[in-house]
2 protein chains.
Amino acid sequence: MPLSDRKIKILQAIINDYIATAEPVGSRTIAKKYDMGISSATIRNEMSDLEDMGLIYQPHASSGRIPSDLGYRLYVDKLMQKKELDESENQFLQSVVFQNINHIDYLMEETAKAISFLTKYTTIISEPVINRTILKQIRLLPLDDNSVLLVIATEENFIKNHIIHVSAPIPEEDLFVISGIINDILQGHSVDELDSETITELEEKLGIYKDFVPSLIHAVDATVKSAEKVQVHMSGTKNILAFPEFSDVQKAKDIFQTLEEKDVLVTLLGKSEEEEDGGLKIMIGTENNIQEMKDCSIITASYKMSETTRGSIGIIGPTRMDYSQVVSVLNTMVKNIENVLKSLSDNNKNP
Amino acid sequence: MPLSDRKIKILQAIINDYIATAEPVGSRTIAKKYDMGISSATIRNEMSDLEDMGLIYQPHASSGRIPSDLGYRLYVDKLMQKKELDESENQFLQSVVFQNINHIDYLMEETAKAISFLTKYTTIISEPVINRTILKQIRLLPLDDNSVLLVIATEENFIKNHIIHVSAPIPEEDLFVISGIINDILQGHSVDELDSETITELEEKLGIYKDFVPSLIHAVDATVKSAEKVQVHMSGTKNILAFPEFSDVQKAKDIFQTLEEKDVLVTLLGKSEEEEDGGLKIMIGTENNIQEMKDCSIITASYKMSETTRGSIGIIGPTRMDYSQVVSVLNTMVKNIENVLKSLSDNNKNP
DNA sequence: TGTTAGCACTCACAAGGGTAGAGTGCTAAT
DNA sequence: ATTAGCACTCTACCCTTGTGAGTGCTAACA
């Protein structure tokens with residue numbers, strides 16, 4: 001059966017109305033509200049066809065229609081029109097990013113908050129992974145007789161600290177020398193190139209401070225390990241309670257439970273990396289393969305830095321979500337974040 | 001009316017039962033379950049007295065009794081017996097603290113998680129404030145031509161980083177010299193002693209790098225400001241949904257809403273500082289003065305470091321919470337945290 | 001042939017009524 | 001002082017009924 005223009009119009013009306021009200025949409029509602037010059041009876045016939053095509057369905061006999069996952073898919077792929085964010089929203093998103101330019105983790109946290117504030121959906125976001133990025137600076141600073149501070153900076157100006165405990169005090173000048181040696185060896189290399197060869201080299205060069213190498217390596221390693229762990233920030237989970245589809249406490253609890261499991265989130269966010277065209281990945285309802293989330297849609301986008309994907313943002317809401325808004329918010333925010341990351345790493349390329 | 005031993009026993013039975021079941025407790029239930037050698041009729045009479053005293057009440061005529069806030073108060077002040085944590089719980093709590101010894105924010109985050117995991121209640125925790133603590137190390141490190149990394153360490157080995165953007169590159173040796181000058185001036189002082197006099201002194205000493213002072217001061221200031229902001233970590237909010245008293249989505253939403261407001265949390269946590277005896281502050285029901293939380297009890301404890309209160313932990317649950325468990329978990333955790341903080345600051349006192 | 005009016009039918013939801021069960025308060029007996 | 005017994009109350013649950021929204025079908029219409 002061909003999908004006539006009129007059918008499309010009706011489908012669109014059903015989806016719009018359902019997104020707005022969360023109530024099954026009846027033929028009369030459409031006839032009255034959208035005034036498309038045909039009677040409710042005709043709409044009824046068309047709706048019956050749409051149902052045969054699997055685009056809408058009735059939650060129970062003789063009730064209004066609800067878009068099916070397939071219906072939303074069609075809407076998202078073909079019908080949805082881009083929504084432009086208005087100036088104030090744009091500015092809000094931009095200010096959030098630029099106010100936290102110096103601290104990646106705050107930046108991520110605030111970004112998540114901002115997005116969930118704007119969209120009223122739940123937002124998850126993964127921090128850029130510094131693994132495989134190039135080390136720029138490794139410094140040792142004296143803290144006190146028993147501790148030395150290790151400061152690691154990557155090419156992109158991500159800073160990590162680690163306190164190393166030492167048995168005997170190391171004079172400041174020596175620390176300076178040691179820092180120099182370490183820097184010579186590691187600078188310009190990625191943290192995962194730390195092999196036994198490098199370690200031997202380090203031990204040799206450090207001479208009398210050779211004993212210091214193990215704890216140093218351990219510290220670097222621990223720092224790297226903690227950086228390798230994908231950090232995930234989440235915000236706006238409680239918004240879920242506002243949607244009538246989750247007014248059943250049990251359902252809400254199930255979703256919260258699922259969102260609590262980090263692996264699930266990482267998997268979800270990971271999906272967006274499959275997308276080639278720097279585009280978004282939209283998973284509608286059952287498409288996300290997680291039983292508990294079958295009534296949710298998830299839209300993810302990943303942000304890059306120097307051509308490599310660094311992390312992703314995901315927005316989770318009921319299948320009845322405002323796809324066009326979410327898409328534009330995500331696009332805007334990815335652009336903002338990429339700009340910031342770029343400006344961070346550009347600092348050291350300009351003269 | 002005097003509070004006979006028998007009345008106390010009955011009150012205790014009611015509270016225990018209600019904490020466990022969340023159902024109003026009837027006289028027959030007590031007669032059967034707690035077998036105290038008297039009939040339900042006698043218990044009924046006693047319960048009637050307890051009600052007159054305001055310790056229990058009926059949610060509706062001819063239903064079982066529920067402890068009133070006053071009843072819980074009596075229980076908490078006089079009747080409650082200390083519960084000892086078992087070995088595994090103790091170890092769990094300890095391991096959480098010692099595994100995150102080097103990163104205060106992870107430590108707080110994980111502590112909150114651990115407590116809410118153990119108790120099933122919501123946990124909030126405020127990070128130690130570094131304001132007013134003594135600066136130990138201030139260093140500038142070269143990052144690249146346009147940025148300098150500011151590293152600030154306090155007496156207690158809390159580390160903060162800040163990237164300063166500079167218009168012209170500053171040679172490494174100069175940075176070293178500048179670091180030395182700054183250190184001379186600020187080392188041993190608290191961050192809030194940074195007055196105009198100190199700034200002038202700095203400007204004079206820095207000579208040709210005088211122009212650098214404003215951005216430096218700004219960076220130090222920003223770092224201090226961000227440290228002054230009381231960081232609050234929260235965990236286990238979704239546990240709230242598990243309690244039958246909040247099975248009404250609206251109620252749950254109200255509480256979430258309230259918990260979202262940071263000021264509220266800070267105020268709540270602040271209360272514990274009023275307590276003199278290093279003890280806990282228990283606020284039962286309406287005692288916390290927050291309308292939305294009238295059905296919640298909040299137990300807070302604050303942890304000290306070198307005699308000063310640094311932060312607090314709070315546990316939020318229904319008034320029908322397991323007070324004795326919460327009290328012992330809190331006591332244990334405060335001790336653990338204080339130990340860690342002590343070991344951090346001890347490092348520089350031992351030779 | 002597509003469109004519409006009309007009608008019978010279905011279903012969810014709310015309101016009303018009846019019942020069972022848990023619990024109380026009171027009284028009289030022990 | 002304690003207890004057994006009884007009348008009473010209130011909630012929770014179930015069942016019934018009525019209403020409104022919405023459908024599908026048929027027959028009439030342009």
Side-chain angles (χ1 to χ4, degrees), chain A residues 1-11 13-15 17-18 20-68 71 244-245 247-248, chain B residues 1-11 13-15 17-18 20-68 71 244-245 247-248:
Chain A
M1 190 178 329
L3 203 53
S4 69
D5 267 15
R6 195 168 68 184
K7 283 196 174 59
I8 288 183
K9 257 195 184 153
I10 291 175
L11 178 60
I14 293 174
I15 293 180
D17 211 75
Y18 189 66
T21 65
E23 295 290 332
V25 188
S27 54
R28 263 199 79 206
T29 316
I30 296 186
K32 271 193 292 183
K33 266 209 219 168
Y34 294 81
D35 142 77
M36 29 185 74
I38 48 180
S39 81
S40 69
T42 313
I43 295 177
R44 262 200 301 285
N45 289 330
E46 297 285 41
M47 279 164 85
S48 176
D49 291 350
L50 287 171
E51 181 156 12
D52 288 344
M53 290 186 251
L55 297 171
I56 55 179
Y57 70 97
Q58 301 178 277
H60 52 261
S62 79
S63 81
R65 302 308 211 285
I66 289 179
S68 67
E245 34 268 88
S247 63
D248 176 18
Chain B
M1 190 178 329
L3 204 54
S4 69
D5 266 16
R6 196 169 65 185
K7 282 197 175 56
I8 288 184
K9 257 193 185 156
I10 291 175
L11 178 61
I14 293 174
I15 292 181
D17 212 74
Y18 188 66
T21 65
E23 294 291 331
V25 189
S27 54
R28 263 199 81 209
T29 316
I30 296 186
K32 271 192 295 185
K33 266 209 218 167
Y34 294 81
D35 139 80
M36 29 185 73
I38 47 179
S39 80
S40 67
T42 314
I43 296 176
R44 251 189 325 272
N45 289 330
E46 296 285 42
M47 280 166 85
S48 178
D49 292 349
L50 287 171
E51 182 157 10
D52 287 345
M53 290 186 250
L55 296 170
I56 54 178
Y57 70 96
Q58 301 178 275
H60 53 260
S62 80
S63 80
R65 303 306 210 287
I66 288 179
S68 67
E245 34 268 86
S247 62
D248 176 18

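The shown structure was predicted, so the numbers you read here are calculated from the model rather than taken from an experiment. The sequence lines fix the lettering, A, B, ..., with proteins before strands; numbering per chain opens at 1. Only this structure's heavy atoms are used, side chains among them; waters, hydrogens and symmetry mates stay out.
For the pair A:L55/A:L3, a side-chain contact is recorded, criterion being any heavy-atom separation below 4.5 Å from C-beta on.
Protein atom CD1 of A:I38 is 22 Å distant from nucleotide atom P of D:dC29, rounded to whole Å. In this entry the distance linking CD1 of B:I66 with C1' of C:dA22 reads 14 Å, nearest Å. In this structure, CD1 of B:I30 is placed 16 Å from P of C:dA22, rounded to the nearest angstrom. Straight-line distance from the CG atom of A:L50 to the P atom of D:dG22: 17 Å, rounded to whole Å. Going from atom CD of A:E23 over to atom C1' of D:dA21 covers 11 Å, rounded to whole Å. The separation between A:E46 atom CD and D:dG22 atom P is 19 Å, rounded to whole Å. Atom-to-atom, CE of B:M36 to P of D:dT2 comes out at 13 Å; the value is rounded to the nearest Å. The NZ-P distance, from A:K7 to C:dG2, rounds to 10 Å in whole Å.
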Give each protein N/O atom lying under 3.5 Å from an N/O atom of nucleotides 14-16 of chain C, with the pair distance.
none

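Between A:T29 and D:dA21 there is no side-chain polar atom (N or O) within less than 4.0 angstrom of OP1 or OP2. At D:dT2, none of the side-chain N or O atoms of B:T42 fall inside 4.0 Å of OP1 or OP2 (strictly under the cut-off).
Counting non-hydrogen atoms of other residues, nucleotides and ligands closer than 6.0 Å to CG of B:D52 gives a total above 12.
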Per-nucleotide protein contact string for nucleotides 24-30 of chain C, where B marks a base within reach and S marks sugar-phosphate only (heavy atoms under 4.0 Å, - for neither): BB-----
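Across all strands shown, B:S40 has no heavy atoms under 4.0 Å from either base or sugar-phosphate atoms.
A:I56 approaches A:M47 most closely through the heavy-atom pair CD1-O, 3.6 Å. What you find for B:A22 and B:E245 is that their closest heavy atoms are CB-OE1, 4.2 Å.
Taking the side chain to side chain contact (heavy atoms under 4.5 Å, CB included) definition, one finds that A:N45 meets it with nothing, sequence neighbours left out. Checked against side-chain hydrogen bond (donor to acceptor under 3.5 Å, both in side chains), B:K7 has the following partners two or more places apart in sequence or in another chain: B:E46, B:D49.
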Donor-acceptor contacts under 3.5 Å from residues 25-35 of chain A side chains, at least two apart:
from: A:S27; atom 1: OG; to: A:R44; atom 2: NH1; distance (Å): 3.3
from: A:K33; atom 1: NZ; to: A:D17; atom 2: OD1; distance (Å): 2.7
from: A:Y34; atom 1: OH; to: A:D17; atom 2: OD1; distance (Å): 3.1

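Applying the side chain to side chain donor-acceptor pair (under 3.5 Å) rule to pairs touching residues 53-63 of chain B yields nothing, sequence neighbours excluded.
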